[in-house]
Amino acid sequence: MKLIFEESKSGRKSFNLPESDVNLKDFPGELSRSELNLPEVSELDLIRHFINLSRLNFSVDTQFYPLGSCTMKYNPKILEKAANIPEFLNLHPFLSILPDSIDRCKGALELISDFQDILCEITGMDYATINPMAGAHGELTGIMIISSYHKSRNSKRTKVIVPDSSHGTNPASASMVGYEVVTIPSNSEGEMDVDELKKHLDTDVAAVMMTCPNTLGLFEKNIKEISDLAHSVGALMYYDGANLNAIMGKVRPGDLGFDVIHVNVHKTFGTPHGGGGPGAGPVGVKKFLEDFLPIPRVKREGDSLVVVSNSDKSIGHISSFFGNFAVILKAYLYIKLLGTEGIKYSAEMAVLNANYVMNRLKGYLKLPYDRTCMHECVFSLSEMAKKGASALDFAKFLIDRGFHPPTIYFPLIVKEAFMIEPTETESKETLDKFIGAIIDAVKLAEQNPVAFKELPKTTVISRPDETKAAKDLVVKA
Amino acid sequence: MKLIFEESKSGRKSFNLPESDVNLKDFPGELSRSELNLPEVSELDLIRHFINLSRLNFSVDTQFYPLGSCTMKYNPKILEKAANIPEFLNLHPFLSILPDSIDRCKGALELISDFQDILCEITGMDYATINPMAGAHGELTGIMIISSYHKSRNSKRTKVIVPDSSHGTNPASASMVGYEVVTIPSNSEGEMDVDELKKHLDTDVAAVMMTCPNTLGLFEKNIKEISDLAHSVGALMYYDGANLNAIMGKVRPGDLGFDVIHVNVHKTFGTPHGGGGPGAGPVGVKKFLEDFLPIPRVKREGDSLVVVSNSDKSIGHISSFFGNFAVILKAYLYIKLLGTEGIKYSAEMAVLNANYVMNRLKGYLKLPYDRTCMHECVFSLSEMAKKGASALDFAKFLIDRGFHPPTIYFPLIVKEAFMIEPTETESKETLDKFIGAIIDAVKLAEQNPVAFKELPKTTVISRPDETKAAKDLVVKA
Amino acid sequence: MNFCPHTQEDIKEMCSVCNVNEVDDLFKDLPVEEINFKKLGKGISEHEGYNHILDLAKKNNLISYHFIGAGLYDHIIPSVVDFVASRSEFYTAYTPYQPECSQGTLQALFEYQTAICNLTDLEVTNASLYDGGTALAEAVLMSLRITRREKIIMDKSVNPIYRNIVKTYLKFLPYELIEVETNGIEPDFDKIKFMLDSDVACFVFQNPTFYGSVHDWTELVNFAHEKGILAVSSVYPISLGIVKTPGQMGVDIATGEGQSLGNPLSFGGPYFGFLVTKKAYIRNMPGRIVGETLDRNNKKAYVLTLQAREQHIKRHRATSNICSNEGLCALRALVYLCSLGKNGLKELAQINFSKSEYMKKKLIELGLNIKNNATTFNEFVVEFNKPAKEIFLALLSKNIAFGVPLYLFGGSEKDILINITEKMSKEKIDNVCSILEAML
Amino acid sequence: MNFCPHTQEDIKEMCSVCNVNEVDDLFKDLPVEEINFKKLGKGISEHEGYNHILDLAKKNNLISYHFIGAGLYDHIIPSVVDFVASRSEFYTAYTPYQPECSQGTLQALFEYQTAICNLTDLEVTNASLYDGGTALAEAVLMSLRITRREKIIMDKSVNPIYRNIVKTYLKFLPYELIEVETNGIEPDFDKIKFMLDSDVACFVFQNPTFYGSVHDWTELVNFAHEKGILAVSSVYPISLGIVKTPGQMGVDIATGEGQSLGNPLSFGGPYFGFLVTKKAYIRNMPGRIVGETLDRNNKKAYVLTLQAREQHIKRHRATSNICSNEGLCALRALVYLCSLGKNGLKELAQINFSKSEYMKKKLIELGLNIKNNATTFNEFVVEFNKPAKEIFLALLSKNIAFGVPLYLFGGSEKDILINITEKMSKEKIDNVCSILEAML
């Protein structure tokens, strides 16, 4: 499709502004901008452009999207409707800090407070903030809290420990807070190697960051031991909530010894991902870390709510106000819809679906860690790749069959990783069709692996040249 | 795609009702229904089914849709937003007739009254009703009004005159009101043959129904003479508003001598067609017909609005309340957005677009009536058909090029009719692409007409067997 | 504002292709008339336009809750209904004349037809009519075509507005319509039976009646059939989650108002009407029909079928003049029915019934009389010992719209028709009853 | 309710494939802990859930109109923005890792990047960051990476909340941040210039300033460049319809809060931040970038490019930890900018400026002092002769939120920051001024 800039024609216009009811004044010339190049299109051409563009995407509403570690579950439509209620949509966040204006946004503050409480209840934490605007932003916030805590105790710590299976955001976040990152290898069970951990655990360690279940979809059976070990040297335990969907309602990170957590609400609480955000990464902490939470903060004081916008110990602002409030609103409604039993049931069905896919496919694909998985399972296509059909090839094959491909080449510790996360919202029929397609791909890999190179054939483009993109760097029209 | 009934699985459910807060009682067995077969699907599967179904359609938002006589112009998005305002969406129409409840729906009544007034202003009428629920329903209402008028004068009339180029709804509506239909042929100019008309005009004639411009897209130059002739025998003039888009703001049917009109709001006033409705067919009448308008009726009395729900002379109810109110709301907003100058400008651009297409194509396709057209132009593909490429073939060719086909085989008086209505909301670039595609089709028709029989190739199905459909009559799963 | 994209250059270029100097030259066939617009002003921006509608909306002095039904019901609408119906490809498409680029609409309507047939236990239906009242009128006309008889018997417990619509449709035609008085508020079966002679094309009833009563009409239907008379009914589709169906009763043509199936009240519309009948009568049916077939590659496909009945082909001999129907509202109904599904609709009907029974009990406890002699579904008539208008106005002053006083339709001054749906909470029922208690 | 489709039979069958008796057997690796839920109750239906949110919404005791800006602005949002952003295929997709099934998102983001570059007159941008404050912080971190220097100079007329965010991001790192006091409410150019020595990585400013003043920073930018210092700015994108751009002033990294481009206020978010820079610095830029390339059939295609900078590949050496950004908000901004187009944005900016000038004039007529010494765009500081809080509360009692008193950010007790957008009518301005007149 043409770019909308190529569809532009001088003098066209989609939107009409109300006529000004005051006389127009000219802005001083010396402070004025140069020629502005924005598309000039009619409203119809604008709509047609974007609606047709949208049709080039796969999405949860149109396809199965088993993208491991991304939890592309169904996004209930009622959440969108709720987020569009004008009394929230048009609410200016400054009302939360303006003089005597708190009753102007009472409903919003109550929602935030309730969400914080419920998040704590689900995760086993004591206090929470909704300010971080994405999972990685929650990690950053969490590590800042940990750093501030250590500083408040005059404890100079320099390292953060992460497993080699961790999300890239973990080391990157630790690094942004000034920490040196120590990586611990996984053992043959796919878990953190406790002996290796012990070698690196000392009083220089500020935190151990864990994903649990980890990115192999495996529950870390030694997690409590690891917590105890970390705590014994004064290090804190950080819980990357990316995989909370697997255990919510079954066990709480707080009860496993974690001191700080973040949750990716799109992964766990049904909010849409939007093709790359907005997400939200609320953070929960144990009681002793309360003072370090970012500002502004909604806090219950007796029967009323207050907004704390100044606090000495706080890490300070990490967003202007309450992060992605409307995303939290959706997550809040989602949790309320599910209730305690729905939260737990969702985790159970997510895990059942992943194990079903794993068991049905393990006769066809190599399973590097052959044990009960949690909400996702990771295969290695290294043997297929030797035959000429890589994980990327499998991905393209699936696109032609109408499935969004699983995550490939992550986690890095599995060769030709092929990571399937079905989520709890998919039916057995969908899983069976997907499994059937993969079995077909396995057969094709055995019979005619070269055929993969021509795939996908059903899409508007096929196998774009990524090297050229990085070399030529055309990043605007 | 599978039918949603085929995707059903016993025990699944999409929607959850609130739990009952009273004890459930069993309905008496002897009055109870048999087994009910409705699909049982999850919310995700429901959404995926319908969103993917939608993707099998062409639509104005995705394609150029030059379907002659249907006026598929752009449907502004703000109209949808306005129709979803809760204070209108949840308003029960009974409030308009319940005791002392009129202020409970004052805004709605004001909107209706304003719309009626503006409609009269645009069409040159004196009073209007929004009750008819589609254009054809408006015709029926209009002819009923005419019949009631004649009856009130003890004038027994039995015939209604229509031109042979008329929409099928005209004779069908007249027939439903018990009239015999007399069809007048068109002359070589594509207009009603006035001499023929004179032969049939007598005091048995209740009305002459005209579309103007007519369905050939031509303005009836003798329209005032025709009006005078009809009136001279006591017959009334009925204006089929299907083509009002061509002349609104330029000339008013009321000023041309018409006594009753209907307007198809989706054709003229930007409301969406919905894949087959809902439309709305408001009717306007001259002063002397006021008493015959259907009930209930919103009427201004001094400064206040009243709802007339009883009237001896009225034709009675033709819908329960105010027809398709929310559709009228959209039409009302559309008219307000356009204003007087926009109304007129839209007609001008609609006519310009049609003439542009006509002039660009008349070197390639046969134009049976070679004169300035109004908002649409009708070609005849009879010569192409002789070569083996019918109007239907051309339609299928265009589908593969991403255009919705024009109307074909209507009006019936043109052989292999190919009726193009671009509307005012399409850009020259879109028209040029469309013209280019038709020229390609003409070339193909000359070089290889057999190739058409394999078209379309880009759609999920191609050339369904309509005879089989009518013979086997499978009309449910 | 307007929605025309042309620049001044576009217009110039295009005029030149059209061999005219300016656009107005294209209008030379039109008589020149001065139009003096007074009411319609200058065009406005969408922001101003939307705010204008919002201002009008705010003028509706809203009630806080209500017990109004009488054919139009306030049911919960699942969020998926709006979501699907607002898809561009559904709502900005036209009637699916070109099957290759309309399979979305066609399959959806085929599914809709299936759902409506299943709901009513009948065999064939069309892709929707305008509303419940006109659907009933079309059914009556259809029965006249089928039987070639000229008399219609209609029970007076049919919705009085529908009866008016039927009368409007019939009064220009040479047929005889006889309305049969009710016995109290219930249908007088004996009287109807008495009227059913061999001149009669059809008898028309509603179940549940306008007054909410549920009856088994089977016996009367069978009796009518013996005389070659068709049974035509109107039915409240939500009730069919639980109530004996037209098909089970042998009805020939069932119709109904589709509003309650996922369409908002919207001050009267758009809604849709359905008309379901036996396969034998399909060629006499008005409206569009979607049929299944195969395409040139033997792939299953959906098309509009039996178009030869319709006005665009058959003109004045068509089965009806209907052209545009209410396709998008029918789509809403389909999504609604799929969303609730088989068990959901049953559960919904049961909740409506149970809540209505609860309210009846509460009113009886207040010493009031429920006038229905039959089982009711979710609506019933309560008789007061003072004018209903007085009761209504007293509650209205508390922002409660307490049903529909029946004097508005020629009924008793003391009767009110009360409807309860799943949206009405026990708390509100208790609340209104305690207000009533204080008043009585 | 929950959104899991399985029937009991499904579960049984699937358990059997998994070789377990029941689902709980799959959780055997988990320690058994009792969870005692107190706050979160039973699941509810969507109808109840929506009503619960509606009830909360109604608890917001709304103001009737307001003059609050201070970085977040109440602009008209064209209806097309919501419509496009609510398309299933946009809003329920993930990050476009698989280009073949994500060309919709990828092309839209490429167009977004183009629009943002054109708006700011700079060369490269990413597919969005979280918000205006964090974008500024990322820009500062970026300048530290580029220059390998350790000192940052920041003008105090930068939004105080953004300054706080920058401080939060920096306080764990070994860099020195120096904030430069303003002269009155205007930037002290001389003082800033004085601070710019060769240890400095960047100097940070905002234009228009937090107080609404528009300056030409070109000279200072040129001076900085001579010393190898980068110029980092924050800009209010709507102002760029009319105001001299970062690119024209030679700025190296421009950032901004994207909210005003088609994103509703929503009590704080979601919004998005943008960061635009010179091509030379692209490899130091955080966030995702969409690039154009060709596919295997030489067809134009869009992909995520330079992913090697990002955390999922580079891990702790990445340019940032950012993963999810605010893609859908960026899409909204694109649709917004296309909807207004080149002339519309200019017109919008001019209306904002003109209305703001009108209000300034009215306030001056009341004898009040406008504290800005410079041209302002659509926001300015007015000084009262009594405590601003008093003024604010008096107007609040009339349901008007009269701007942001600056004492909240350590400013004078008498100053209020007032914002006017195209939504504010002359009538309301006149109205608030006459209320003020009576108070002064």
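In the text below, chain A, chain B and the rest are named by the order of the sequence lines, each starting its count at 1. Every heavy atom of this structure was used, including side-chain atoms; hydrogens, water molecules and symmetry mates were not.
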- Against chain A, label D:Ile76 side chain, backbone, both or neither, depending on which of its atoms sit under 4.5 Å from a heavy atom there. side chain

- Query: Given that the side chain runs from C-beta out, which part of A:Ala326 has a heavy atom under 4.5 Å from chain D: side chain, backbone, both or neither?
  - Reply: both

- Spell out, as yes or no, whether a donor-acceptor pair under 3.5 Å connects the side chain of D:Lys279 to the backbone of A:Leu473. yes

- Task: Give, as side chain, backbone, both or neither, the part of A:Gln63 having an atom under 4.5 angstrom from any heavy atom of chain D.
- Result: neither

- Item | Atom pair CG/OG of A:Leu56 and D:Ser102 - distance to nearest 0.5 Å | 10.0 Å

- Task: For the pair A:Ser173 (side chain) and D:Asn321 (backbone), establish whether a donor and an acceptor sit closer than 3.5 Å, ignoring hydrogens and angles.
- Result: no

- Query: Okay, side chain of A:Ser59, backbone of D:Phe90: is any donor-acceptor separation there less than 3.5 Å?
  - Reply: no

- Message: Set out, in order, the CA-CA distance, both residues' side-chain angles and the distance that settles side-chain contact (heavy atoms from CB on, under 4.5 Å) for A:Ser320 and D:Tyr162, then state yes or no.
- Response: CA-CA 7 Å; A:Ser320 288; D:Tyr162 294 5; 3.9 Å; yes

- A:Asn57-D:Thr105 side chain donor-acceptor pair, cut-off 3.5 Å: yes

- Query: At a heavy-atom separation under 4.5 Å, does A:Glu121 approach chain D through its side chain, its backbone, both, or neither?
  - Reply: both

- Task: Find the one option among D:Ala301, D:Ser88, D:Ser86, D:Gly49 whose heavy-atom pairs under 4.5 Å with chain A are most numerous.
- Result: D:Ser88

- Most contact-rich option vs chain D, by heavy-atom pairs under 4.5 angstrom, among A:Asp100, A:Asp472, A:Leu218, is A:Asp100

- Query: Of all of A:Lys81, A:Glu139, A:His404, A:His266, which one pairs up most often with chain D through heavy atoms under 4.5 Å apart?
  - Reply: A:Lys81

- Query: Does A:Lys73 count as lying over the ring of D:Phe3, i.e. NZ or CZ under 6.0 Å from the six-ring centre, within 45 degrees of the axis?
  - Reply: no

- For D:Asn61, does its backbone N or O pair with a side-chain atom of A:Asp103 as donor and acceptor, under 3.5 Å? no

- Query: Do you know which of D:Leu408, D:Asn118, D:Asn2 has the most heavy-atom pairs with chain A at a distance under 4.5 angstrom?
  - Reply: D:Asn118

- State plainly whether the residues D:Lys39 and A:Asp114 are in salt-bridge range, i.e. N to O under 4.0 Å. yes

- By a 4.5 Å heavy-atom criterion (distance strictly below it), what part of A:Phe15 contacts chain D: side chain, backbone, both, or neither? both

- Side chain, backbone, both or neither: which part of D:Tyr94 has a heavy atom under 4.5 Å from chain A? both

- Query: Would you say the side chains of D:Glu326 and A:Asn324 form a donor-acceptor pair under 3.5 Å?
  - Reply: yes

- Task: Give the intermediate values and the outcome of side-chain contact (heavy atoms from CB on, under 4.5 Å) for residues D:Ile53 and A:Leu111.
- Result: CA-CA 8 Å; D:Ile53 302 290; A:Leu111 189 154; 4.2 Å; yes

- Task: Among A:Gly249, A:Gly270, A:Pro86, single out the residue with the greatest number of heavy-atom pairs under 4.5 Å to chain D.
- Result: A:Gly249

- Message: Please rank D:Ile242, D:Thr305, D:Thr245 by heavy-atom pairs under 4.5 Å with chain A and give me the top one.
- Response: D:Ile242

- Message: So which residue, D:Val124, D:Leu337, D:Leu119, ends up with the most heavy-atom pairs under 4.5 Å with chain A?
- Response: D:Leu119

- Task: Assert yes or no for the condition that the ring centre distance of D:His312 to A:Phe410 is strictly below 6.0 Å.
- Result: no

- Query: Does any heavy atom of chain D fall under 4.5 Å from the side chain of A:Tyr74, the backbone, both, or neither of them?
  - Reply: side chain

- Note on the structure: Given A:Gly178, A:Ser319, A:Ser96, the one with more heavy-atom pairs under 4.5 angstrom with chain D than any other is A:Ser319

- Do any N or O atoms from the side chain of A:Glu348 and from the backbone of D:Val23 form a donor-acceptor pair under 3.5 angstrom? no

- Query: Is it the backbone or the side chain of A:Glu424 that comes under 4.5 Å from a heavy atom of chain D, or both, or neither?
  - Reply: both

- Message: Give me the atom names and distance for the closest heavy-atom approach of A:Pro278 to D:Pro270.
- Response: CB-CB, 3.4 Å

- Please check if the side chain of A:Arg104 supplies one atom and the backbone of D:Leu396 the other of a donor-acceptor pair under 3.5 Å. yes

- Evaluate whether atom CG of D:Asn297 has more than 12 neighbouring non-hydrogen atoms of other residues, nucleotides or ligands under 6.0 angstrom away. yes

- Query: For A:Leu98, is it the side chain, the backbone, both or neither that has a heavy atom under 4.5 Å from a heavy atom of chain D?
  - Reply: both

- Part of A:Thr62 lying under 4.5 Å from any heavy atom of chain D: side chain

- Query: With only heavy atoms counted, which part of A:Ile47 is less than 4.5 Å from chain D, the side chain, the backbone, both or neither?
  - Reply: side chain

- Item | ring pair (Phe, Tyr, Trp, His ring centres under 6.0 Å) partners for A:His92, two or more places apart | A:Phe94, D:His66

- Proximal component of A:Asn353, with respect to chain D [non-hydrogen, under 4.5 Å]: both

- With a 4.5 angstrom heavy-atom cut-off, could you sort out which part of A:Phe88 is near chain D: side chain, backbone, both or neither? both

- Donor-acceptor pair, side chain of D:Gln248 and main chain of A:Ser34, under 3.5 angstrom: yes

- Examine distances only and state if a side-chain atom of D:Lys171 and a backbone atom of A:Ile315 form a donor-acceptor pair shorter than 3.5 Å. yes

- Message: Using modelled atom types and a 3.5 Å cut-off, is there a donor and acceptor pairing between side-chain atoms of D:Thr92 and backbone atoms of A:Val60?
- Response: yes

- Query: What part of D:Lys167 lies closer than 4.5 angstrom to a heavy atom of chain A: side chain, backbone, both or neither?
  - Reply: neither

- Task: Starting from the C-alpha separation in whole Å, work towards a yes-or-no answer on side-chain contact (heavy atoms from CB on, under 4.5 Å) for D:Cys15 and A:Leu352.
- Result: CA-CA 7 Å; D:Cys15 279; A:Leu352 176 63; 4.1 Å; yes

- Where is the tightest heavy-atom contact between D:Tyr169 and A:His137, given as atom of each residue plus distance? OH-NE2, 3.0 Å

- Query: Non-hydrogen atoms of chain A under 4.5 Å away: do they reach the side chain of D:Leu173, the backbone, both or neither?
  - Reply: side chain

- Query: Which answer fits A:Ile97, side chain, backbone, both or neither, if we ask what part of it has an atom under 4.5 Å from a heavy atom of chain D?
  - Reply: both

- Task: Starting from the C-alpha separation in whole Å, work towards a yes-or-no answer on side-chain contact (heavy atoms from CB on, under 4.5 Å) for D:Gln350 and A:Phe27.
- Result: CA-CA 7 Å; D:Gln350 205 186 1; A:Phe27 196 72; 5.9 Å; no

- Item | Selection from D:Glu33, D:Gln311, D:Arg296 maximising heavy-atom pairs under 4.5 Å formed with chain A | D:Arg296

- Task: Let me know if A:Pro456 has heavy atoms under 4.5 Å from chain D in its side chain, its backbone, both or neither.
- Result: both

- Query: Salt bridge or not for A:Lys396 and D:Glu100, using N-O below 4.0 Å?
  - Reply: yes

- Message: Would the distance check show the side chain of D:Asp295 and the main-chain N or O of A:Ser462 forming a donor-acceptor pair, the cut-off being under 3.5 Å?
- Response: yes

- Message: Please give me the minimum heavy-atom distance between D:Cys338 and A:Phe50, naming the atom from each residue.
- Response: SG-CZ, 4.3 Å

- Query: Most heavy-atom pairs under 4.5 angstrom with chain A, which of D:Leu26, D:Ile322, D:Asp24, D:Leu54?
  - Reply: D:Leu26

- Query: Out of A:Leu24, A:Asp117, A:Asn75, which one racks up the most heavy-atom pairs below 4.5 Å with chain D?
  - Reply: A:Leu24

- Query: In terms of the angle between their ring planes, are D:Phe267 and A:Phe325 parallel, tilted or perpendicular, with boundaries placed at 30° and 60°?
  - Reply: perpendicular

- Message: Testing the basics here: between A:Arg33 and D:Val243, what is the closest heavy-atom pair and its distance to 0.1 Å?
- Response: CB-O, 3.0 Å

- Tell me, for A:Asn90 versus chain D, whether the close heavy atoms (under 4.5 Å) come from the side chain, the backbone, both or neither. backbone

